[in-house]
J.: 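My questions all concern the structure below.
A, B, ... follow the sequence lines: proteins, then strands. Residue 1 opens every chain.
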Protein chains: 2
Amino acid sequence: MPNKKKIAESAISRLSVYLRILEDTVAAGESTVSSQAMASQSGTTAAQVRKDLSLFGSFGRRGLGYSPSDLVSRIRRILGLHRRWKIAVIGLGRVGSALVEHRGFFDRGFDIVALFDTSEFKVGSNLHGLQVHHIDEISRVVHDKKIEVAVLTVPVEAVPDIIDLIRDSGIKGVLNWTPARLTLPDTIEVKNVNMVMELEALSFKLSQRE
Amino acid sequence: MPNKKKIAESAISRLSVYLRILEDTVAAGESTVSSQAMASQSGTTAAQVRKDLSLFGSFGRRGLGYSPSDLVSRIRRILGLHRRWKIAVIGLGRVGSALVEHRGFFDRGFDIVALFDTSEFKVGSNLHGLQVHHIDEISRVVHDKKIEVAVLTVPVEAVPDIIDLIRDSGIKGVLNWTPARLTLPDTIEVKNVNMVMELEALSFKLSQRE
DNA sequence: CTAGTATTGTGAAGTATTTCACAAGTAAAT
DNA sequence: ATTTACTTGTGAAATACTTCACAATACTAG
Ligand SMILES: NC(=O)c1ccc[n+]([C@@H]2O[C@H](COP(=O)([O-])OP(=O)(O)OC[C@H]3O[C@@H](n4cnc5c(N)ncnc54)[C@H](O)[C@@H]3O)[C@@H](O)[C@H]2O)c1
Ligand SMILES: NC(=O)c1ccc[n+]([C@@H]2O[C@H](COP(=O)([O-])OP(=O)(O)OC[C@H]3O[C@@H](n4cnc5c(N)ncnc54)[C@H](O)[C@@H]3O)[C@@H](O)[C@H]2O)c1
C-alpha cells in the first residue's frame, strides 16, 4: 500500500524466485545473505537483486547483507502472501483434477475451496473432499466463500458459455489454462498459462541455432 | 537462418498470438488483414504488430494490408513450426498423463513420441498407445527416435536423480514443470512453467489494488 | 488524371528496464 | 586508530523495447 508506482512484471517474477531461494537459505540456518548469493542462485546479477528490492524499501545492512528471514517476510508481504488466498477451479477434467490433488498450492498459501463443472457425472460428487458445484452456482458460492481467484480449466469451446458468469461472479483474478483470449473487464486480472506458446518459444529458440 | 539478431522474448510470444488470430482469419475466408485488425484482437497496437513482423521481413503490401494465409506460413516458418517436433514426457503422474492424453499438442505440431518413468507399475505399461520406458533408457530412446524436447513432470525431489541423465541424453530443450531451477548447460534451452509463480503474480496485482 | 482514403515499413523519439560505478556503512585484524 | 575486505543503496549511463509519425504505396471514385 505504500506506493502505487509501476512495478515491472519481470521484477515481480524475480521476487518470487528470490523468495524460494531465501526460504532455502533460512532452512539452511544462514543468518545473512548477500545480493551476490541471491543473484547466482537465481541466474541474475547482484545489481538487479538490489535494484528489485530497493523498489520497495531498504531491507539490508551495508557491509553485511540481508537477513534471510526478514527478507522472506518482506517479500511475502510485497507479493500479498502474508495472507491466504481462496481459489476456485472451474472444469474438473484431466488438468483441473490434477490441480485439485496437488498439495503444492496449499503449501504456498493458495487454498482450493470450491469446484465447478457442468457434467452430470461430476456435479454433486466429491473430489479431494470438496463437493462439485454446477457452474450456474458460481456467483452464490464465490460470494459465500469469499473466493477471489478462479483457475479456468474447461475445454476452450466452453469459454463463451461461461465467460459472462465469471465476469459477474465477483471473481477478482483468473488463471486461464485455455488457449482462448478471455474478454473480461480490466477490473479482473487475467494470467494465461499456455503450454503450446511455451513450446513454440522453444521451437523458435531451437530453430535459431542453425 | 537469415539473421541471428537478438529478438525479444516478448516479440516471440506475440507472434504466437498473431498466428492463432491469423488462422482464424484464414478460416473465416478473409483475403486481407490489417495490422490494426491483428492488434485489436491480440490486445496490442498496430505499430507493435508491424514492428514485430518487420523484424523478420516485409510481408505486407502498403495500402492493402497482409495476406492472412501468407502470413500464417511466414510466422510458422519463423517460429520453426514448418516441421513437427518430437517430444518426450518424463514423469507420468497426474500432470504428465494429462499432457499425454491432450490432443492440443499434436494439433499444433508437437508429437509426444516417448514416455519415461521409474515406477515399477508404470514402466512397461502402455499409456495412450505408447510404451513407458525406464528413465535409464532415455539416451538410447532419444537417439533412436530423434527426440529434441523433453517435458519434465516428475516430483521436484526426483530432479537431482535425473538431471545428469537429461543433460547427457541429447535433448535440446526442456519444458520444466517442476519448481526446481534446473542446472543445465546453455546448449540446452529451458522454459519453466510455474503455476505458483503465476498465482503469486496475481496475488501481487490484486494486493496492489487497495 | 486527380483527389481521397487506406495501410505498410521504418527511422526517430520516447519509455522502461538493466547495468554500472561509487559513496557510505560494517566489522575484523592489527 | 587505521587498514582491509565486504556489501548495500542508488543516481547515472547504457541497453532494450514500444510508440510515434510520416513517406511510400495501393486502390477507388469521379
Ligand atoms: N490436458 C492438457 O495437457 C492441457 C494442457 C494445456 C492446456 N490444456 C487446456 O486446459 C483445458 C482443460 O483441458 P483438459 O484436458 O483438462 O480437458 P478435459 O476435457 O479433460 O476437462 C474439461 C472439464 O471441463 C468440464 N466442462 C465442460 N464445459 C464446462 C462448463 N461450461 N463449465 C464448467 N465445466 C465445464 C468438463 O465436464 C470436464 O470435466 C482445455 O482448454 C485445454 O486446452 C490442457
Ligand atoms: N499436479 C499439479 O497440479 C501440478 C501443478 C504445477 C506443477 N506441478 C509439478 O509437476 C510435477 C509433477 O506433478 P504431479 O502432480 O504430476 O506428480 P505425481 O506425483 O502425480 O507424478 C510424478 C510422476 O513422476 C514419476 N517419477 C518419480 N521419480 C521419477 C524419476 N526419477 N524419473 C522418472 N519419473 C519419476 C512418478 O512415478 C510419477 O509417475 C511436480 O514437480 C509438481 O510440483 C504439478
J.: For side-chain contact (heavy atoms from CB on, under 4.5 Å), just list the numbers for B/R108 and B/R20, CA-CA rounded to whole Å, side-chain angles, deciding distance to a tenth of an Å, and then say yes or no.
T.: CA-CA 10 Å; B/R108 302 206 57 89; B/R20 270 156 201 71; 3.1 Å; yes

J.: Measuring to OP1 and OP2 of C/dT19, would you say a side-chain N or O of A/T45 lies under 4.0 angstrom away?
T.: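 For C/dT19, OP1/OP2 do have a side-chain N/O of A/T45 under 4.0 Å.
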
J.: Is the closest side-chain heavy-atom distance between B/F204 and A/L15 below 4.5 Å?
T.: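 Side chain of B/F204 against side chain of A/L15, heavy atoms only: no contact under 4.5 Å found.
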
J.: For DNA chain C, what residues of residues 31-42 of chain A have any heavy atom nearer than 4.0 Å?
T.: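 Heavy-atom contacts with DNA chain C come from no residue of residues 31-42 of chain A; none.
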
J.: For the residue pair A/R50 and A/Y66, would you count it as a cation-pi contact if the rule is NZ or CZ under 6.0 angstrom from the ring centre and within 45 degrees of the ring axis?
T.: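 No, cation not above the ring by the 6.0 Å, 45° rule.
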
J.: A/D70 and A/R61: salt bridge (charged side-chain N to carboxylate O under 4.0 Å, His left out), yes or no, with the steps?
T.: CA-CA 12 Å; A/D70 175 56; A/R61 290 220 287 150; over 6 Å; no

J.: Could you say whether A/S54 or A/L64 is positioned toward the 5' end of DNA chain D, judged by the nucleotide with the nearest heavy atom to each?
T.: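 The residue mapped nearer the 5' terminus is A/L64.
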
J.: Below the 4.0 Å mark, does C/dA27 have OP1 or OP2 next to a side-chain nitrogen or oxygen of A/R61?
T.: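 True: A/R61 side-chain N/O within range (under 4.0 Å) of C/dA27 OP1/OP2.
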
J.: Nearest-nucleotide wise, let me know which of B/A47 and A/A11 is further upstream toward the 5' end of DNA chain C.
T.: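 Residue closer to the 5' terminus by nearest nucleotide: B/A47.
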
J.: For C/dT26 and A/Y66 - does any side-chain N or O of the residue sit under 4.0 Å from the phosphate oxygens OP1/OP2?
T.: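 Answer is no, no contact under 4.0 Å.
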
J.: Using 0.5 Å steps for rounding, measure from the CG atom of B/L115 to the CD1 atom of B/I87.
T.: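 B/L115 atom CG to B/I87 atom CD1 measures 12.0 Å (nearest 0.5 Å).
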
J.: I want to verify a distance call: between C/dG11, C/dT19, C/dC22, whose nearest atom is closest to the A/Q48 side chain?
T.: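 It is C/dT19.
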
J.: Without decimals, in angstroms, what is the distance between A/K51 NZ and C/dA16 C1'?
T.: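 Interatomic distance, NZ of A/K51 to C1' of C/dA16: 12 Å.
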
J.: How long is the line joining CG of B/L55 and C1' of C/dT8, in whole Å?
T.: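 Roughly 15 Å, once rounded to whole Å.
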
J.: More 5' along DNA chain C: A/D52 or B/G63, using each one's nearest nucleotide?
T.: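 Nearest-nucleotide comparison on DNA chain C picks B/G63.
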
J.: Distance check needed: C/dA23 C1' versus A/R50 CZ, whole Å only.
T.: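 After rounding, the reported distance stands at 13 Å.
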
J.: Taking atom CZ of A/R83 as the centre, does the number of heavy atoms from other residues, nucleotides or ligands within less than 6.0 Å exceed 12?
T.: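 Yes, enclosed.
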
J.: Quick one, A/Q48 with A/D52, criterion side-chain hydrogen bond (donor to acceptor under 3.5 Å, both in side chains). Give me CA distance, side-chain angles, the key distance, then yes/no.
T.: CA-CA 6 Å; A/Q48 181 75 80; A/D52 287 339; 3.1 Å; yes

J.: Could you give the start and end, 5' to 3', of the contact zone on DNA chain D for chain A, using atoms under 4.0 Å from its heavy atoms?
T.: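 Contacts span D/dC6 to D/dA12, reading 5' to 3'.
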
J.: Atom OG in B/S207, atom NE2 in A/H82: separation rounded to 0.5 Å?
T.: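 With rounding to 0.5 Å, OG (B/S207) is 6.5 Å from NE2 (A/H82).
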
J.: Please report the distance, rounded to the nearest Å, between CD1 in A/I12 and C1' in C/dT17.
T.: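 So the CD1-C1' distance, A/I12 to C/dT17, works out to 14 Å.
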
J.: So for B/R62 and C/dG9, does any side-chain atom that can act as donor or acceptor lie under 3.5 Å from a complementary atom in the base?
T.: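 Such a pair does not exist between side chain and base.
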
J.: Sequence neighbours left out, what passes side-chain contact (heavy atoms from CB on, under 4.5 Å) with A/P185? Give chain and number order.
T.: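 If we apply the side-chain contact (heavy atoms from CB on, under 4.5 Å) test to A/P185, skipping adjacent residues, the hits are A/R167, A/T187, A/I188.
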
